[in-house]
Amino acid sequence: MNRFIVFDVETPNRRNNRMSAIGISVIEDGIIVDEYYSLVNPEASFDYFNTMLTGIDEDMVSDSPNFAELWDEIEPIMSSGMLVAHNAVFDLGVLKKCLADYGIDWRPYSRYLCTVQIGRRELPGISHKLNDMCDYYGIELIHHQAASDSHACAEILLNYMQSGIDLKNHIRTFKFR
């Protein structure tokens, strides 16, 4: 396990079945070696709450690729290592719904790590919200912006690794089909 694909998605509405942005940070051999960010045209309506939370609205994504177009670009990255997210079941669930909605057959399942779950087991008694973990480790964060959130999650994972946490004990499986 030496390559991790840390990702975060933002959604346009409460249905959480489409992306309006994705951020990806790639960790290789204990170093962040690459980062990727894109707005995504969700081809869906935006809720006021989501727009206020993320700062992303319909006008901002009107010229952005839809998920299927974006997937051609990010699939090689997403397939190149262990997936990681903060509250991973949410981000993986959005990814699963996007793949299904666009008729994209990726893989039946994926192994993943969740930095929230790791933190709850290894650092009990503290809050594991992303902003609180960033305060705990002194990580800069512009919360609910996918590029910043994925980078922060990657930094949290690196802190876990540097403290000697055995990640093998925290690997889970997410079913895409």
Side-chain angles (χ1 to χ4, degrees), residues 1-40 42 46-57 60 74 77-78 81-98 110-174:
M1 250 190 342
N2 66 347
R3 187 170 167 93
F4 301 92
I5 310 306
V6 185
F7 77 106
D8 180 80
V9 302
E10 303 302 338
T11 61
N13 55 53
R14 67 184 155 273
R15 289 181 292 285
N16 297 325
N17 62 353
R18 296 291 177 98
M19 296 177 193
S20 54
I22 186 167
I24 303 170
S25 297
V26 179
I27 297 173
E28 198 166 282
D29 299 321
I31 300 168
I32 297 172
V33 296
D34 197 13
E35 296 192 289
Y36 177 90
Y37 172 78
S38 181
L39 290 171
V40 184
F46 279 74
D47 288 349
Y48 177 79
F49 174 83
N50 294 65
T51 295
M52 296 313 303
L53 187 69
T54 66
I56 302 169
D57 63 24
M60 290 177 67
I74 66 171
I77 301 168
M78 298 294 282
M82 169 130 354
L83 297 179
V84 181
H86 198 77
N87 192 19
V89 171
F90 173 82
D91 296 276
L92 289 165
V94 174
L95 177 60
K96 178 181 181 173
K97 291 172 187 170
C98 287
S110 184
R111 310 277 281 172
Y112 74 93
L113 293 167
C114 176
T115 52
V116 171
Q117 294 301 318
I118 296 169
R120 286 181 180 157
R121 288 187 193 95
E122 301 287 343
L123 299 168
I126 65 171
S127 169
H128 296 283
K129 293 179 180 176
L130 186 61
N131 57 318
D132 292 335
M133 291 305 296
C134 287
D135 289 345
Y136 182 82
Y137 284 120
I139 299 166
E140 286 188 38
L141 176 69
I142 304 169
H143 204 12
H144 301 297
Q145 293 190 6
S148 182
D149 288 358
S150 68
H151 182 87
C153 182
E155 293 283 355
I156 291 167
L157 183 67
L158 289 171
N159 274 283
Y160 291 165
M161 293 165 67
Q162 291 163 2
S163 71
I165 292 173
D166 187 355
L167 297 179
K168 291 176 190 156
N169 296 329
H170 300 281
I171 297 171
R172 301 290 179 257
T173 301
F174 185 87

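- Between the side chain of Asn13 and the backbone N or O of Arg15 there is at least one donor-acceptor pair closer than 3.5 Å.
- Of the possible polar contacts, one joining the Asp149 side chain to the His144 backbone as a donor-acceptor pair under 3.5 Å is found.
- Taken to the nearest 0.5 Å, the CD atom of Glu35 stands 9.5 Å off from the OG atom of Ser148.
- With hydrogens and angles disregarded, no donor-acceptor distance shorter than 3.5 Å links the side chain of Asp34 to the backbone of Val26.
- Summarising the geometry of Ala152 relative to Leu141, their closest heavy-atom pair is CB-CD1, 3.8 Å, with the distance given to 0.1 Å.
- Heavy-atom minimum distance, Arg18 versus Pro12: O-CD, 3.1 Å.
- Minimum heavy-atom separation, Cys153 to Ala85: SG-C, 3.7 Å.
- With values rounded to the nearest 0.5 angstrom, Met82 atom CE is found 13.0 Å from Arg3 atom CZ.
- Side-chain contact between Met133 and Ile126 is present, with at least one heavy-atom pair separated by less than 4.5 Å.
- By the salt bridge (charged side-chain N to carboxylate O under 4.0 Å, His left out) test, Asp135 is found to be paired with no residue, residues two or more places apart in sequence or in another chain being considered.
- Not a single donor-acceptor pair under 3.5 Å links the side chain of Thr11 to the backbone N or O of Asn16.
- Using a 4.5 Å heavy-atom cutoff, the side chains of Tyr136 and Ile156 are not in contact.
- Nearest heavy-atom pair across Leu83 and Ser110 is CD1-OG, 3.4 Å.
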Side-chain donor-acceptor pairs under 3.5 Å in residues 89-97, sequence neighbours left out?
residue: Asp91; atom: OD1; partner: Val9; partner atom: N; Å: 3.0
residue: Lys96; atom: NZ; partner: Lys175; partner atom: O; Å: 3.3

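- Among Ile32, Val6, Ile31, the single residue meeting the side-chain contact (heavy atoms from CB on, under 4.5 Å) criterion with Leu158 is Ile32.
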Sequence neighbours excluded and cut-off under 3.5 Å, please list the side-chain donor-acceptor pairs for residues 113-124, or say none.
residue: Thr115; atom: OG1; partner: His86; partner atom: ND1; Å: 2.6
residue: Arg121; atom: NH1; partner: Gln117; partner atom: O; Å: 3.4
residue: Glu122; atom: OE2; partner: His170; partner atom: NE2; Å: 2.8

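- A distance of 4.5 Å separates CE in Met78 from CZ in Phe7, rounded to the nearest 0.5 Å.
- Panel note: side chain Asp132, backbone His128; no donor-acceptor pair is recorded below 3.5 Å.
- Rounding to the nearest 0.5 Å places OH of Tyr160 at 10.0 Å from CG of Leu167.
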Test side-chain contact (heavy atoms from CB on, under 4.5 Å) applied to Asn87 and Leu130, step by step:
CA-CA 9 Å; Asn87 192 19; Leu130 186 61; over 6 Å; no

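- Taking OH of Tyr112 as the start and CD1 of Ile171 as the end, the distance is 11.5 Å to the nearest 0.5 Å.
- Nearest approach of Pro42 to Met19, heavy atoms of both residues: CB-O, 3.2 Å.
- In this structure, Ile24 and Ser150 approach most closely via the heavy-atom pair N-OG, 3.5 Å.
- One distance of note links CE of Met52 with CG of Asp47; it measures 13.0 Å at 0.5 Å rounding.
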Start with the C-alpha gap between Phe4 and Met161, add the side-chain angles, then the distance that decides, and say whether side-chain contact (heavy atoms from CB on, under 4.5 Å) holds.
CA-CA 12 Å; Phe4 301 92; Met161 293 165 67; 4.0 Å; yes

